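Throughout, protein chains are lettered first and strands after them, A, B, ... in sequence-line order, and every chain is numbered starting at 1. Everything numeric in this text was worked out from a predicted model, so none of it was measured.
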Protein chains: 2
Amino acid sequence: MATIRDVAKLAGVSVATVSNSVNDPGRVSEQLRNRVLKAIETLNYAPRAAARSLRKQSSGLLGLIVADITNPFFTELVQAVEGIASQQGFSVLLCNSDEDPAREEKHLQVLRSQWVDGIILATTGDVSLSRSSLLSQIRVPVVLVDRAFDGLGLDAVVLDNRLAAHQATEHLIRRGHRRIGLLSGPTSVTTGADRLAGYREALLASQIRFDPALVLEAGFREQQAYDATVALMRLPQPPTAVFAANNLMAIGMMRALSVLGLRCPDDVSVISIDDFAWANVFRPKLTTVAQPVRQMGEMAVQLLTDRIHGHRSGTGSTHMLESHLVIRESCAAPVQAAQSEATRAEPAPSR
Amino acid sequence: MATIRDVAKLAGVSVATVSNSVNDPGRVSEQLRNRVLKAIETLNYAPRAAARSLRKQSSGLLGLIVADITNPFFTELVQAVEGIASQQGFSVLLCNSDEDPAREEKHLQVLRSQWVDGIILATTGDVSLSRSSLLSQIRVPVVLVDRAFDGLGLDAVVLDNRLAAHQATEHLIRRGHRRIGLLSGPTSVTTGADRLAGYREALLASQIRFDPALVLEAGFREQQAYDATVALMRLPQPPTAVFAANNLMAIGMMRALSVLGLRCPDDVSVISIDDFAWANVFRPKLTTVAQPVRQMGEMAVQLLTDRIHGHRSGTGSTHMLESHLVIRESCAAPVQAAQSEATRAEPAPSR
DNA sequence: GCGAGCATGGCAACCATCCGGGATGTGGCC
DNA sequence: GGCCACATCCCGGATGGTTGCCATGCTCGC
C-alpha cells in the first residue's frame with residue numbers, strides 16, 4: 001500500500017534517494033541510508049514489481065512450461081528449476097500444458113504478455129506447431145528441455161536418448177533375452193524417435209533381428225501402455241522382456257502384467273527409462289535407466305540466465321547429458337524354452 | 001516490442017480506441033474494431049502485463065506456496081490449482097519452500113512485491129512464525145491449504161484429519177490388530193496432531209489401551225520414517241500393523257520393512273494416509289486413506305477468487321473435506337499368537 | 001432545427017528507476 | 001587567507017505502456 005513517495009516523505013528525502021538507498025547503496029551516505037531503511041520498515045514498504053519491470057524492461061520472471069506436472073520426471077525438473085532460479089533472483093511462472101499443444105500455445109501467449117525474461121520449455125506439441133508459435137515471440141530467450149527440435153537455433157538440454165535406450169535394451173540382451181518388446185513414445189518427437197533408434201541399434205549390435213510386431217506406440221501415457229502391454233503379451237510369440245520408454249508407460253505396463261497374472265521378473269522382465277523415488281520401494285524393484293534430471297534443470301536455468309544477462313548470444317546449441325543404468329530386481333533371465341512353449345500353447349494368459 | 005501506440009498509428013485511430021477494441025468491444029464499432037485487430041496481428045502486439053497491472057492495481061497472478069513439490073500430494077494440488085486458476089484467467093507463481101520456514105518467508109516477500117492478487121499457502125513453518133510474517137502483508141487474500149491455523153481468520157481448506165486417521169486405524173482393528181504402530185507427523189502442526197488424535201479415538205472406541213511406545217514421530221519425511229519403522233519392529237513386542245500418517249512416511253516404512261526382511265501383509269499390515277498413482281501398481285498394493293486433493297485445490301482457488309472479486313469478505317472459515325478408504329492388499333489379519341511368540345523370542349528380525 | 005445517443009479521442013494517473021545536474025563541503029595551493 | 005578544483009550527496013524530471021474518465025463531435029430521428 002505504501003509507495004516510494006510515502007517513504008520519501010517520512011524519511012525527509014527525495015524519491016530518488018529512496019530508490020538509490022535500496023538499489024545502489026554506494027550513492028547514498030550511510031547515515032541517510034539508515035534513515036531511509038528505517039522509514040521503509042516503518043511503512044512496511046515493498047517496491048511494486050509491476051512499476052519496476054515497466055521501467056527496467058524486465059520482470060524477474062522465468063516461464064516454465066512442462067508437459068505433465070504429475071509425471072515425476074517433470075516434478076523433479078520443476079523442483080530443480082525453481083530452486084536455482086530462486087537462488088538467482090528469479091521467480092518461476094509455472095505452466096502445465098497437460099500434453100495439450102493448444103494449452104501450451106495459450107501458456108506461451110500468457111508468458112509473452114507477462115514479459116517474462118526467459119522461458120524453459122518442455123514442449124508437448126509436435127515440432128511444426130511449436131515452431132510457428134515460438135517464431136511469433138522470438139524476443140525472449142528460450143531453452144528447450146527434454147525434447148529438442150532444430151531449425152529455430154534454440155538452446156536445448158536433452159538426454160542422450162539413443163544411449164539410454166541402448167543401455168536398457170543391452171541390459172536385457174545380456175540377461176539372455178532375444179524377444180524384447182518396446183513400448184515406444186510417439187516417433188514424431190525426438191525422445192520417441194531416438195529411443196526407438198537406440199533400441200534398434202542395440203538389437204543390431206547383438207545381431208538380433210528387429211521385429212516390428214514387438215514395438216507398440218503408447219504415446220508416453222499410462223493407459224495406452226496398459227493396452228499395448230496386453231496386446232504384446234497376447235501375441236502368438238510374446239516377448240520375454242518389455243522395455244518401456246518412459247516412467248508413465250512403465251506404470252501402465254506393470255499394471256497390465258499384474259492384471260494378466262504375469263509375475264515380474266519370473267514371467268517377464270521389465271526395464272524402463274526414467275527413475276523415480278518409488279521405483280525401489282515396492283516389488284519388484286524396478287530396474288531403470290536414470291536421467292540426470294536435476295542436472296538438466298540446473299543447466300537449463302544456467303543457459304537461460306546466461307542469455308538473459310547477455311553472457312551468451314548467437315545460435316543456440318543442444319546439450320546432451322548421459323543416462324545411467326540402475327540395476328534392481330525387475331530383470332531376470334528369460335523363462336525356459338519349455339515354458340515359453342507352454343505359454344505359446346495358450347494364447348490368452350490366465351488372470 | 002510493438003506498443004499500443006504503434007498499433008494506433010497503423011490502424012489510424014487513437015490509443016484509447018485500441019484499448020477499447022480489445023477490452024470493451026461494445027464501445028467500438030465492428031468495422032473499426034476489425035481494423036484495429038488486424039493492425040494488432042500485423043504488428044504482433046501484446047499488451048505488457050506490467051503496464052496493465054500498474055494501472056489496474058492487480059496483476060492477474062496467484063501465488064502458490066507448497067512445502068514439498070516432490071510429494072505427490074502437493075504435485076496433484078499444484079496441478080489442480082494451476083488448471084483452475086488458468087481457467088479463471090490467472091497465472092500461477094509457484095514457490096517451493098522445501099519444508100524450510102525461512103524459504104517460505106522469503107517466498108512470501110517475493111509474492112508481496114510481485115503484487116499477486118492472492119496466495120494459496122500450504123505452510124511448512126510452525127504457526128507462530130507464519131503468523132508474524134503473514135500479518136505484515138495482510139493486504140492480499142490468503143487461503144491456507146492442508147494445514148490450518150486459527151487466529152488470523154484466514155480461509156482454510158483441510159482434510160478431516162481425525163476422520164482419516166480414525167478410518168485407517170479402525171480398518172486395522174477390524175482386521176484383528178490390537179498392537180498398531182503409528183508413524184506420526186510433528187504434533188506442532190494440525191495435520192500431525194489431528195491424525196494422532198484420530199488414531200487414539202479409534203483405539204478408544206474399540207477399548208484398546210493406548211501405548212505411547214507404539215507412536216513415533218517421523219516428521220512427515222521418508223528417512224525418519226525408515227528409522228522409526230526399524231525401531232518399532234525391534235521392540236520387544238513389535239506391532240502387527242503400522243499406520244503411516246502420510247505418503248512419504250509410507251514409502252520410508254515400506255523400505256524399512258523390505259530391508260528388515262518382513263513381508264507385507266504376511267508379517268505386518270500397513271496402511272497410510274495419502275493415496276497416489278503408484279500405490280496400486282507394485283506389490284503389495286497399498287491400502288490407503290485417500291484425500292480429495294483435486295477438490296481441495298479447486299476449493300482453495302474458488303475461495304481465493306471469490307475474495308479477490310469481492311464476492312466474499314469478512315473473517316475466513318475452515319472448510320473440512322472428507323477422506324475415504326481405499327482397500328487394496330496391504331492389510332491382513334495379524335500373524336498367529338504362536339508366530340508372534342516366535343518373533344518375540346528373536347528381537348532382531350532377520351534380513 | 002434541435003436533442004439524444006453513440007463512437008472516438010485526449011489526458012492524467014499508476015509507480016519505480018535512472019540520468020544528469022545542482023548543491024554542499026573539503027582540501028590544497030598560491 | 002582566499003580561491004579553485006574536485007568529490008560526495010542528493011534531487012528533479014522524464015520515462016515506460018496502459019486504462020478510465022470525460023469531453024467532443026458526429027449522425028440520426030423526430
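Residues from residues 27-42 of chain B that place a heavy atom under 4.0 Å from any atom of DNA chain D, listed by number: B:Arg27. The stretch residues 9-19 of chain A comes close to DNA chain D through A:Val13, A:Ser14, A:Ala16, A:Thr17, each having a heavy atom under 4.0 Å from the strand. Of the residues in residues 48-62 of chain A, those lying under 4.0 Å from DNA chain C by heavy-atom distance are A:Arg48, A:Ala51, A:Arg52, A:Arg55, A:Lys56.
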Begin with the C-alpha distance, continue with both residues' side-chain angles, and end with the deciding distance and a verdict on side chain to side chain contact (heavy atoms under 4.5 Å, CB included) for B:Leu43 and B:Leu10. CA-CA 9 Å; B:Leu43 292 174; B:Leu10 180 62; 3.9 Å; yes
A:Leu304 and A:Leu62: side chain to side chain contact (heavy atoms under 4.5 Å, CB included), yes or no, with the steps? CA-CA 9 Å; A:Leu304 196 57; A:Leu62 256 38; 3.9 Å; yes
Begin from the C-alpha positions of B:Val36 and B:Val18 and carry the test side chain to side chain contact (heavy atoms under 4.5 Å, CB included) through to its verdict. CA-CA 6 Å; B:Val36 171; B:Val18 176; 4.0 Å; yes
Can B:Ser86 and A:Arg103 be said to form a side chain to side chain contact (heavy atoms under 4.5 Å, CB included), step by step? CA-CA 10 Å; B:Ser86 174; A:Arg103 285 196 63 187; 4.2 Å; yes
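Screening B:Leu111, B:Thr124, B:Ile120, B:Thr123 for a side-chain contact (heavy atoms from CB on, under 4.5 Å) with B:Ile65, the sole residue that qualifies is B:Leu111.
Using a distance-only test at 3.5 Å, with no hydrogens or angles considered, no donor-acceptor pair links the side chain of A:Ser113 to the main chain of B:Pro47. A donor-acceptor contact shorter than 3.5 Å links the side chain of A:Thr75 to the backbone of A:Ile69. Using a distance-only test at 3.5 Å, with no hydrogens or angles considered, no donor-acceptor pair links the side chain of B:Asp146 to the main chain of B:Ala122.
In plain terms, the two heavy atoms of A:Gly60 and A:Asp117 that are nearest each other are N-OD2, 2.8 Å. Pairing each heavy atom of A:Thr318 with each of A:Val158, the nearest pair is CG2-CG2, 3.8 Å. Shown here for B:Val110 and A:Ser91, the closest heavy-atom pair between the two residues is CG1-OG, 3.1 Å. Among all heavy-atom pairs drawn from B:Ile308 and B:Pro141, the shortest one is CG1-CG, 4.2 Å. Closest heavy-atom contact between A:Ala2 and A:Tyr45: O-CD1, 3.3 Å.
You can see that DNA chain C meets the heavy atoms of chain A within a 4.0 Å-exclusive cut from C:dC15 to C:dG20, reading 5' to 3'.
Remark: C1' of D:dG17 and CH2 of A:Trp115 are 10 Å apart, rounded to the nearest angstrom. Across the protein-nucleic acid pair, A:Ile4 atom CD1 and D:dG12 atom P stand 13 Å apart, rounded to whole Å. Rounding to whole angstrom units, CG of residue B:Asp24 and P of D:dT19 are separated by 11 Å. Rounded to whole Å, atom P of D:dG13 lies 13 Å from atom CZ of A:Arg5.
Taking 4.0 Å as the cut-off between side-chain N and carboxylate O, B:Arg35 and B:Glu30 do not count as a salt-bridged pair.
Pairs of residues two or more places apart, or lying in two chains, that qualify as side chain to side chain donor-acceptor pair (under 3.5 Å) and include a residue from residues 293-315 of chain A are A:Gln79-A:Arg294, A:Gln88-A:Gln302, A:Gln88-A:Thr305, A:Asp155-A:Arg307, A:Asp155-A:Arg312, A:Gln302-A:Asp306, A:Arg312-A:Ser317.
As judged by a 4.0 angstrom heavy-atom cut-off over every strand, A:Asn23 is placed among residues touching the sugar-phosphate backbone only.
Overall bending of the helix from C:dG1-D:dC30 to C:dC30-D:dG1, expressed as the angle between end axes built from five pairs apiece, is 60° (10° steps).
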